[in-house]
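Written out below as structure tokens is the structure these notes cover.
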Amino acid sequence: MEGNKIAYQSIDHYIEQFPPDVQDKLNTLRKVIKNSASDAEEKISYQMPAFALKGNLVYFAAYKNHIGFYPTSSGIAAFKHKLSEYKTSKGAVQFPIDKPLPYELISEIVKYRIAENRIKAEDKLKK
């Protein structure tokens, strides 16, 4: 562990570090991901809440001014048109913390990533 950084033991442990309004957003985001990926495993990866199903699906994290959502570069590329109003980078999108999160879009992205991971896993089996 470096400096004051906390080694999170669980997603609950991660979320409880934030003010109540941010906790509400993170808990709802978590629920949306879980509902979209009911078979996914929850874990902490890179000190962020993460979901895995046949490989990593998505991560999320809270910051001072935004909630970062990390659906990998393919998840960003596939939804670039729908994410145009948000700040994005190769594998991440920033949702302003003071605005409602686009839960429906997040659900679509999660489902896309599940399909992508299943295809990758099937391709691996064929090889």
Side-chain angles (χ1 to χ4, degrees):
M1 258 177 39
E2 331 157 5
N4 308 353
K5 289 204 173 175
I6 298 166
Y8 299 108
Q9 305 305 312
S10 66
I11 293 181
D12 289 327
H13 184 222
Y14 179 90
I15 291 173
E16 67 194 21
Q17 307 300 312
F18 294 94
D21 58 326
V22 176
Q23 284 184 33
D24 288 346
K25 279 193 169 183
L26 294 175
N27 279 317
T28 304
L29 176 57
R30 178 187 191 182
K31 196 180 299 172
V32 165
I33 295 168
K34 276 174 100 160
N35 289 343
S36 304
S38 56
D39 296 338
E41 169 202 351
E42 286 190 341
K43 62 183 186 173
I44 293 289
S45 184
Y46 302 107
Q47 287 303 302
M48 289 186 281
F51 287 80
L53 183 67
K54 298 189 186 296
N56 289 327
L57 277 179
V58 297
Y59 302 80
F60 65 88
Y63 299 93
K64 186 176 179 200
N65 297 313
H66 71 276
I67 291 179
F69 181 63
Y70 307 90
T72 75
S73 57
S74 61
I76 295 293
F79 291 87
K80 199 149 194 67
H81 59 291
K82 291 188 176 184
L83 293 168
S84 60
E85 67 184 272
Y86 304 103
K87 185 175 179 188
T88 59
S89 63
K90 187 178 174 199
V93 59
Q94 294 181 4
F95 298 122
I97 209 148
D98 58 351
K99 293 198 169 86
L101 295 179
Y103 295 117
E104 217 167 279
L105 175 57
I106 290 166
S107 176
E108 273 183 67
I109 295 171
V110 171
K111 288 174 183 169
Y112 172 85
R113 290 285 302 120
I114 292 167
E116 193 175 52
N117 277 9
R118 286 203 168 117
I119 290 166
K120 274 187 198 158
E122 285 169 23
D123 287 349
K124 268 188 191 162
L125 289 176
K126 287 176 189 165
K127 288 181 181 170

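All residue numbers refer to positions in the sequence shown, counting from 1.
Summarising the geometry, atom CZ belonging to F79 is positioned 7.0 Å from atom CG belonging to L105; distances are rounded to the nearest 0.5 Å. Rounding to the nearest 0.5 Å places OG of S45 at 12.5 Å from CZ of F51. From S38, atom OG reaches atom CD1 of I33 across 13.5 Å, with rounding to the nearest 0.5 Å. Here H66 contributes atom NE2 and F95 contributes atom CZ; the two are 10.5 Å apart, rounded to the nearest 0.5 Å. A distance of 12.5 Å separates CD1 of I106 from CG of N35, quoted to the nearest 0.5 Å. Put simply, CD on E16 and OG on S10 are 6.5 Å apart, with the number rounded to the nearest 0.5 Å.
Nearest heavy-atom pair, A78 versus Y112, reported as atom, atom and distance to 0.1 Å: CB-CZ, 3.4 Å. The two atoms that bring Q23 and I15 nearest to each other are CG-O, 3.1 Å, heavy atoms only. Heavy atoms only, all atoms of each residue included: A62 and L26 are closest at CB-CD1, 3.9 Å. Closest non-hydrogen pair, K64 versus I97, comes out as O-CG2, 3.7 Å. Contact detail for K54 and A121: the closest heavy-atom pair is CD-CB, 3.6 Å. Shortest non-hydrogen contact noted between E116 and T72 is OE1-OG1, 4.4 Å.
Taking the centre of each ring, H13 and Y8 come in below the 6.0 Å mark. Side-chain rings of F60 and Y70 stay apart, their centers remaining 6.0 Å or farther from each other.
Distance alone, capped at 3.5 Å, places no donor-acceptor pair between the Y14 side chain and the Q9 backbone. For K25 (side chain) and K99 (main-chain N/O), a donor-acceptor pair under 3.5 Å exists by modelled atom type. The backbone N or O of V32 sits less than 3.5 Å from a side-chain atom of S36, completing a donor-acceptor pair. With hydrogens and angles ignored, the 3.5 Å screen pairs a side-chain donor or acceptor of N117 with a backbone N or O of N56.
Cluster membership for F69 and L53, using ILVMFWY side-chain heavy atoms within less than 4.5 angstrom, is shared. F18 and L101 fall within a single hydrophobic cluster, where Ile, Leu, Val, Met, Phe, Trp and Tyr side chains are chained together by heavy-atom contacts under 4.5 Å. Note on M48: it does not cluster hydrophobically with V110, by side-chain heavy-atom contacts below 4.5 Å among ILVMFWY residues.
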Do D98 and N65 pass the side chain to side chain contact (heavy atoms under 4.5 Å, CB included) test, and can you show the C-alpha distance, the side-chain angles, and the key distance before you say yes or no? CA-CA 8 Å; D98 58 351; N65 297 313; over 6 Å; no
Would you sort out whether T88 and Q94 count as a side chain to side chain donor-acceptor pair (under 3.5 Å), showing the intermediate values? CA-CA 6 Å; T88 59; Q94 294 181 4; over 6 Å; no
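Using a 4.0 Å cut-off between a side-chain N of Lys or Arg and a carboxylate O of Asp or Glu, D12 and R30 qualify as a salt bridge.
Side-chain atoms of Y59 and P71, non-hydrogen and from C-beta on, never get closer than 4.5 Å to each other. Between R113 and S74 the shortest side-chain heavy-atom distance falls below 4.5 Å. Using a 4.5 Å heavy-atom threshold, the side chains of I109 and L83 count as touching.
Summarising the local packing, NZ of K43 is surrounded by more than 12 heavy atoms from other residues, nucleotides or ligands at distances under 6.0 Å. Atom OH of Y63 sits in a crowded spot, with more than 12 heavy atoms from other residues, nucleotides or ligands closer than 6.0 Å.
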